[in-house]
K.L.:
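The structure's right below; bear with me while I get my questions together.
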Amino acid sequence: MNDAVTLKVRSHPQYLALIRDVTVRFCSMHGVPDAVTGDLRLAVDEACSNVIKHAYRGDTSRRIVVKYAMMERVLRIIIEDAGERVRPERMQGRDLDDIRPGGLGLHFIRRVFDTVAYDPKRKKGNRLLLSKQLGSRNED
Amino acid sequence: MNDAVTLKVRSHPQYLALIRDVTVRFCSMHGVPDAVTGDLRLAVDEACSNVIKHAYRGDTSRRIVVKYAMMERVLRIIIEDAGERVRPERMQGRDLDDIRPGGLGLHFIRRVFDTVAYDPKRKKGNRLLLSKQLGSRNED
Amino acid sequence: MKIDVGDYKGNTVVSLGGEVDMHTSPVLREKLLVLIREKPRRLIVDFREVSYIDSSGIATFVEGLKHMKTYNGRLQFSEIPQGIMEIFSFSKLDKVFEICGTLDEAVSR
Amino acid sequence: MKIDVGDYKGNTVVSLGGEVDMHTSPVLREKLLVLIREKPRRLIVDFREVSYIDSSGIATFVEGLKHMKTYNGRLQFSEIPQGIMEIFSFSKLDKVFEICGTLDEAVSR
Ligand SMILES: Nc1ncnc2c1ncn2[C@@H]1O[C@H](COP(=O)(O)OP(=O)(O)O)[C@@H](O)[C@H]1O
Ligand SMILES: Nc1ncnc2c1ncn2[C@@H]1O[C@H](COP(=O)(O)OP(=O)(O)O)[C@@H](O)[C@H]1O
């Protein structure tokens, strides 16, 4: 990815706040409206939380890599881990009418991103590809 | 570096704000007092500005890598570039009594960090090694 | 994250602040479960100073509510900032939790 | 960064806000030089909303001051937040710029 920001952190929940800060600043640098930025901040946080919980099964000593790029008003965010391969058939949030703890993260991710897909070319671990088409820049 | 955060950005001044955000969050995660965090934010910003201005001579298309680690209350920040080698004899701020634009960055860097040194083992580009001993954690 | 437990007109109020995420929500969970163990008739959580909440924070409240429902206790939320209210609405949880504008609205219900 | 140019009791006031760094200071520089070209007797920069300034921002003001000194103009700073004041003191620039507590203090000097 050209013109990208890359952030590497440990798979510990304390780094989620740092990832959120980078997400927010990257968006504001590129004139993303605040409401959308808020949704993106949540979605990226949820995707990284899922890496810690599911791909790494709570192991906080591993690595998460988050990459950001903006090209022609398409925001691309890539989240890489070296954990257990995702089984796509398990990737499903709960029915929103079935009230119980958990199962909301994927809903938050899919709500804001246009595409949410795992890179099939990735051999080890997972590479989650997220993208969103934005409107024209609201500043400058 | 163990337990590190690594941030890679383009050598464009617009990314300085993002680097500052990461610096501030990393410090607050580790209970660094606000006043010290403010000084560190400025020092890291100045060091990265110098990479853009001097090592890359204003070329905004190159890479800056900033790494953060905290071990036994020693904060280590490493700033890597692939630009022109620093000539140590040139690395000097202006006399503070000689009022003119520029020449303050190194003063801000040396004011807060205990050690400011270039890694002599680096073959290409520069690796600036910054460290600061902190007092015991002021939270938890 | 900040959690202060206080009293408002004879009701327990949890004043929550800052960022509630996977890192901080375990602390919230523990506090809530300790409070709920006393089986309060009503527990009010004031969201005025909450700047961020993710699904782990929401899950914590869903869990708390389930416990309270076993003895017909009420979990009320007051002063929810707009951005957070949208998350609750989207998750269809605005129908599940008792959402109140203000602390006074909560206690008068 | 935010730059508003206004008038206070007949004096030009630049209300600065946000973050002044290597990315934003060129915009500040241009605004300042345009204002200084008019040779104002007094230019007040209000720092109330400035959250951050680095050496490129400071260099911009040193340059502006040099221009103003050629015609004996005065560059005054008001409402400098504490953290920023410390940077000016450390840089020995608190003696070079005219530092005023408030806008009123600036205009009455
Ligand atoms: N990164 C991931 N790796 C593996 N499985 C995942 C990942 N993200 C989500 N899943 C699966 O999708 C399910 C739903 O995810 P989500 O909606 O975030 O809810 P929760 O994480 O609370 O269960 C998870 O329970 C898990 O089985
Ligand atoms: N990263 C760097 N690479 C090469 N030279 C540098 C670097 N940082 C600083 N220098 C040298 O040190 C001098 C003083 O730096 P500084 O105090 O930051 O002031 P300024 O950058 O405004 O000149 C610079 O002018 C430059 O010659």
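Every chain is numbered from 1, with letters handed out A, B, ... down the list of sequences. Scope of the values below: all heavy atoms of this structure, side chains included, with no hydrogens, waters or symmetry mates.
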K.L.:
Could you name each residue pair satisfying side chain to side chain donor-acceptor pair (under 3.5 Å) that touches residues 94-108 of chain A, not counting sequence neighbours?
P.N.:
A:Asp97-C:Lys92, A:Asp98-A:Arg100

K.L.:
Would you find more than 12 non-hydrogen atoms of other residues, nucleotides or ligands less than 6.0 Å from B:Glu72 atom CD?
P.N.:
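Not more than 12 within 6.0 Å, no.
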
K.L.:
What's the shortest heavy-atom distance between A:Leu18 and B:Arg25, and which atoms?
P.N.:
CA-CG, 3.7 Å

K.L.:
Heavy atoms, side chains only, cut-off 4.5 Å: are B:Leu7 and A:Val5 in contact?
P.N.:
yes

K.L.:
So A:Asp21 and B:Val22, side-chain contact (heavy atoms from CB on, under 4.5 Å) or not? Walk me through it.
P.N.:
CA-CA 7 Å; A:Asp21 287 351; B:Val22 172; 6.0 Å; no

K.L.:
So, taking the atom named CZ in A:Phe26 and the one named CD in B:Gln14, what distance separates them when rounded to the nearest 0.5 Å?
P.N.:
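Reported value, rounded in 0.5 Å steps: 8.5 Å.
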
K.L.:
For B:Ser49, check side chain to side chain contact (heavy atoms under 4.5 Å, CB included) against everything at least two apart and list the hits.
P.N.:
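Partners of B:Ser49 by the side chain to side chain contact (heavy atoms under 4.5 Å, CB included) criterion, ordered by chain and then number, come out as B:Leu16, B:Asp45, D:Met22, D:Asp54.
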
